[in-house]
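Everything below concerns the one structure shown next.
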Amino acid sequence: MKYTTRQKAILLLSDGTIFHGKSIGISGTTFGEVCFNTGMTGYQEIFTDPSYFGQLMVATNAHIGNYGVNDSEVESKSIKIAGLVCKNFSFNYSREDASGSLEDYFIKQKLICISDVDTRALVSYIRENGAMNAVICTDETSIEELKIALAKVPDMKGLELASKVSTTEPYFFGDENATYKIAALDLGIKTNILRNLAKRDCYIKVFPFDSSYQDLAAFNPDGYFLSNGPGDPEPLSGAIQVAKEILENDKPLFGICLGHQVIGLANGISTYKMFNGHRGINHPVKNIITGKGEITSQNHGFAVNKEELDNHPDLEITHLHLNDGTVAGMRIKNKNCFSVQYHPEASPGPHDSSYLFDQFIENIKV
């Protein structure tokens with residue numbers, strides 16, 4: 001292993017706090033909301049998850065890059081995070097089926113990364129002060145210039161980002177001779193969601209985020225799916241209208257994360273921006289219906305209002321996050337519709353939540 005001199009880099013938070021580190025890959029500046037993920041593995045899946053678009057990801061695992069990358073372990077066609085902050089970056093990797101190094105992957109996709117940051121101190125700071133905008137700079141731009149540029153970056157609250165990651169044209173996934181046809185509204189859909197549906201004998205047509213109910217219904221689907229995605233759900237008036245019309249026509253509907261929030265808004269339940277959000281692969285959730293616990297993968301910075309949901313005559317909370325009591329799942333009592341605020345397709349170890357896809361298929365059969 002040869003010694004390499006690396007350029008100094010900084011992470012500047014919007015409140016003026018600075019963390020120092022070293023540059024990895026390309027040089028430059030990148031802006032976004034700083035957040036952290038507590039997962040110990042799965043960094044490539046995190047980096048390519050469209051739900052992270054516009055965010056600077058802080059990796060809490062001490063080592064990133066140690067097992068390289070694999071071309072099949074992606075949730076979309078490209079890296080979606082705005083930048084990476086980590087402690088120890090592994091230039092050397094060790095895994096038999098790796099297709100390359102994480103460093104080369106970053107350089108190829110032009111991702112800016114800062115390593116050698118005290119990530120424990122940074123995560124503690126975010127936990128105390130909340131998620132906020134930040135900038136990674138590796139090109140020695142002055143602090144004053146960075147502060148001016150950072151002040152112009154819009155807050156995540158009120159920011160519509162689904163249009164930045166959604167497909168521009170409809171496409172198909174799975175076997176066209178499958179038993180069930182699913183119309184999926186792409187708000188930032190993860191590939192593994194499509195794999196899980198296809199594995200359950202579904203043929204999926206994926207539609208752009210701004211498609212109408214009529215567009216989706218023309219496929220004559222057996223069920224409808226609203227996907228995960230980035231940003232604030234409130235500006236997604238089109239998707240909210242689609243959800244309303246699906247429910248008005250009494251069709252089977254399943255939503256995950258952003259899709260879950262859209263279903264809430266379609267039923268008059270407000271959403272709010274969380275102080276830090278939930279991002280990791282070991283979040284405990286209780287299924288209120290069965291009484292069973294689930295270890296779940298989560299990635300969201302917004303949530304539906306629990307008090308409003310409790311007081312809604314037609315909605316029922318089905319899952320609760322055991323750490324903070326936030327809503328992790330709901331269903332509509334008089335409709336064929338349910339949704340969750342976590343990722344049953346991720347299965348970071350246990351497959352506690354995969355039954356939700358089976359439940360969706362069972363709902364279609366009814």
Side-chain angles (χ1 to χ4, degrees), residues 50-51 157-167 170 180-189 193 197 202 204-273 300 302-319 327-342 356 359-364 366:
S51 295
K157 175 64 177 173
L159 196 58
E160 184 279 298
L161 293 177
S163 60
K164 307 295 184 183
V165 295
S166 178
T167 182
Y180 310 105
K181 294 167 63 177
I182 306 297
L185 190 65
D186 178 13
L187 306 176
I189 198 165
I193 289 175
L197 290 171
C202 295
I204 310 102
K205 186 173 184 180
V206 184
F207 292 84
F209 83 104
D210 55 355
S211 300
S212 67
Y213 171 71
Q214 288 71 29
D215 294 331
L216 275 66
F219 182 51
N220 194 28
D222 299 295
Y224 293 80
F225 177 77
L226 302 184
S227 85
N228 62 292
D232 191 334
E234 286 191 9
L236 294 173
S237 56
I240 294 168
Q241 181 61 32
V242 168
K244 287 180 179 179
E245 294 188 47
I246 293 171
L247 295 172
E248 287 170 2
N249 286 276
D250 208 20
K251 301 296 184 181
L253 176 61
F254 179 26
I256 288 178
C257 287
L258 186 58
H260 160 84
Q261 297 158 16
V262 165
I263 291 172
L265 289 165
N267 285 276
I269 305 297
S270 67
T271 58
Y272 63 94
K273 191 177 188 303
H300 58 98
F302 291 82
V304 298
N305 187 298
K306 183 177 182 294
E307 184 178 356
E308 293 178 13
L309 195 51
D310 275 329
N311 294 322
H312 197 291
D314 298 324
L315 297 181
E316 178 182 15
I317 295 174
T318 58
H319 299 76
V327 176
M330 64 185 181
R331 68 182 179 186
I332 303 179
K333 297 175 184 177
N334 57 351
K335 297 288 183 180
N336 195 343
C337 172
F338 73 101
S339 60
V340 291
Q341 186 64 83
Y342 56 95
L356 292 163
Q359 182 177 322
F360 181 41
I361 303 304
E362 290 301 316
N363 284 1
I364 290 173
V366 173

Has [X] got a side-chain atom pairing as donor or acceptor with [Y]'s backbone, closer than 3.5 angstrom?
X	Y	result
Ser166	Asp186	yes
Asp215	Ser212	yes
Glu308	Ser270	yes
Gln261	Phe302	yes
Lys181	Phe219	yes

Would you say the side chain of Lys157 lies within less than 4.5 Å of the side chain of Asp232, judging by non-hydrogen atoms? yes

Return the minimal non-hydrogen interatomic distance between [X] and [Y], and the atom names on each side.
X	Y	result
Val304	Tyr272	O-CE2, 3.5 Å
Thr167	Pro208	O-CB, 3.3 Å
Pro235	Glu160	CB-CB, 3.8 Å
Asn228	Ile189	OD1-CA, 3.5 Å
Ala266	Ala243	CB-CB, 3.8 Å
Ile256	Ile193	CD1-CD1, 4.1 Å

Looking at Val242, Asn267, Asn334, which one forms a side chain to side chain contact (heavy atoms under 4.5 Å, CB included) with Leu247? Asn267

Begin from the C-alpha positions of Leu216 and Ser211 and carry the test side-chain contact (heavy atoms from CB on, under 4.5 Å) through to its verdict. CA-CA 7 Å; Leu216 275 66; Ser211 300; 3.7 Å; yes

Is the number of heavy atoms from other residues, nucleotides or ligands under 6.0 Å of Gln214 CD greater than 12?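 Yes.
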
Taking salt bridge (charged side-chain N to carboxylate O under 4.0 Å, His left out) as the cut-off, I'd like each qualifying pair that reaches into residues 244-261, sequence neighbours left out, listed once.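 Found none.
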
Considering residues at least two apart in sequence or located in another chain, which fulfil the salt bridge (Lys or Arg N to Asp or Glu O under 4.0 Å) criterion with Asp222?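 Per chain and number, Asp222 pairs via salt bridge (Lys or Arg N to Asp or Glu O under 4.0 Å) with no residue.
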
In this structure, is the centre-to-centre distance between the rings of Tyr224 and Phe254 below 6.0 Å? no

